[in-house]
Structure formats: C-alpha cells, structure tokens
Amino acid sequence: LMLSESVFCLLTEDLLIRVLEKLGPDRKPWRLVCKEFLRVESSTRKKIRILRIEFLLGLLEKFCNIETLDLSMCPRIEDGAVSVVLSQGSASWTRGLRRLVLSRATGLGHVGLEMLIRACPMLEGVDVSHCWGYGDREAAALSCAGRLRELNMDKCLGVTDIGLAKIAVGCGKLERLSLKWCLEISDLGIDLLCKKCLDLKFLDVSYLKVCFVAFSRIKDCISLLIAD
C-alpha cells in the first residue's frame, strides 16, 4: 500500500487527467483507488445525472465544473428545493453550466425555473420536454437565457403564441427549437419566431395546427419537421 501511494504521488495532475480520459463511462473503480483520484475525477467531470433529489446539493458541491446537469430523474423537484440549492454553498457549478435537462420535471414551477436560468449565465441548451403543465409563465422564465441556442419544449401543452413571443424576443441566438405537441401555438407565433430568431436552423412543429402560409415565412436554411 505504501508503495502504491508513493507511485501515485509522482504522477502530476495533467498526467492523471490524461489517464482518466482513456477510461470508459464507469469510473467508480478509479474513484475508489485513493483520494487524489477522487479529487481529479470530481474536478474534470462535465456531466452529472441526479437520481435522487436529496443528493443534489452534495453532488453539486463535489462536481463544481460540470457543463451538463440532468434532473430528468427528479420529477418531484420544486421551487423550494432550487432556492435551497442556490442559496447554500458556493453555487460555483452555475458559472460553467451550458446544458440543463429538466425533462419530466413537472414539479418545478416558473419561479424555480427562472431562478435556475438566471443563476446560469452561460446556459446554451435547455430541455423541458414533457413538462405538460408548462405554459407562458415558464416560457417567460426561459426567455431570460439570452445565450440559449437549443430548446426542447415538446408537450409543454400550455404554451401559447404569447409565451413563444417572449422566447423569440429574449433568445435571439436560438438555433434549434422543438415545439412538438405544443397545440396552443399558431401561425402568429411561428411567424414572429422566424422574424426574431434569424439564426434558427431547426424547427420541429409536429402536430401543431399551423397552416402552410406560416411555413412560407420560414427561411430555406431551416430543416423543418412536419408531422404527416
């Protein structure tokens, strides 16, 4: 054991990181070797998926350099939990976060969503698909992400043209948007979206009740998905 520890002490952090990059997705054996290996793995991990909400705060303190936070397995997360997470600890994990996955996180309301969005200035991608109760207030919260490039709102059943307009105005850098099953959105909302989001390259309007007049306003560069 003493020999192993002495060998590990000779390895620089850069070398340990290079070794870590060669490993597969299961890095638990690596973390169990020694505290230094655990520290290196914690500082270099870019994505975490939270399986139980009670572990959220501790994991975010440990993995503070993440770029993707997946809360899709925590449907019961609510505004109060978000407030606690952001107010306790350093919240340094928010500075570099670029992607937030909230698919099926139906317990999170517009207040908690806006707190999360405003706390993450580098956010470029958000997934709120299958949050069936989401509507225009949640869309307004999403519009606070001025750097947003990718947004998935599939089955956000309460979003109307008003909510889409807020996103179009607030998220002018949007490149990919999925609105599948957002049945309250009409030609008016799609038209405004195309006028405001000039970088838009992908738009999924499957199952929406929009006519082909709206499609004619969409630039040729967009890959448009239309349900048969």
Among residues at least two apart in sequence or on other chains, which ones pass side chain to side chain donor-acceptor pair (under 3.5 Å) with [X]?
X    : result
T160 : D136
R137 : none
E78  : none
T68  : none

### Task
Identify the two heavy atoms, one from C197 and one from C171, that lie closest to each other, and give their separation to 0.1 Å.
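C197 and C171 have their closest heavy atoms at SG-O, 3.5 Å.
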
### Sequence neighbours excluded, every pair satisfying side-chain hydrogen bond (donor to acceptor under 3.5 Å, both in side chains) that has a member inside residues 166-176
R149-E175

### Contacts of N152 that satisfy side-chain contact (heavy atoms from CB on, under 4.5 Å) - sequence neighbours left out
D127, S129, D154, S178

#### Entry: Pairing residues for W93 by the ring-ring contact (aromatic ring centres under 6.0 Å, His included) criterion, not counting sequence neighbours
none

### Message
Under 4.5 Å side-chain heavy-atom separation, chaining through any Ile, Leu, Val, Met, Phe, Trp or Tyr, what else clusters with L157? Say none if it is isolated.
### Response
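Once heavy-atom contacts under 4.5 Å are chained together, L157 belongs with W132.
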
#### Entry: ILVMFWY clustering at 4.5 Å (side-chain atoms), partners of V101
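Grouped by the 4.5 Å side-chain rule, V101 forms a cluster of one, so the answer is none.
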
### Query
Around I162, counting heavy atoms of other residues, nucleotides and ligands shown, do more than 12 lie under 6.0 Å from its CD1?
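Result for CD1/I162: open.
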
### Task
Sorted by first residue and then second, give each salt bridge (charged side-chain N to carboxylate O under 4.0 Å, His left out) pair with at least one member in residues 93-106; sequence neighbours left out.
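The answer is R98-E124.
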
Which atom pairs, one a donor and one an acceptor, fall under 3.5 Å between side chains of residues 51-58 and the rest of the protein, sequence neighbours left out?
unit_1	atom_1	unit_2	atom_2	d
R52	NE	E54	OE2	2.8
R52	NH2	E54	OE2	2.6

### Task
Would you mind telling me which of L174, I167, I117 makes a side-chain contact (heavy atoms from CB on, under 4.5 Å) with L148?
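Only match with L148 under side-chain contact (heavy atoms from CB on, under 4.5 Å): L174.
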
### Query
Among all residues two or more places apart in sequence or in another chain, which pass the salt bridge (charged side-chain N to carboxylate O under 4.0 Å, His left out) test with R76?
none

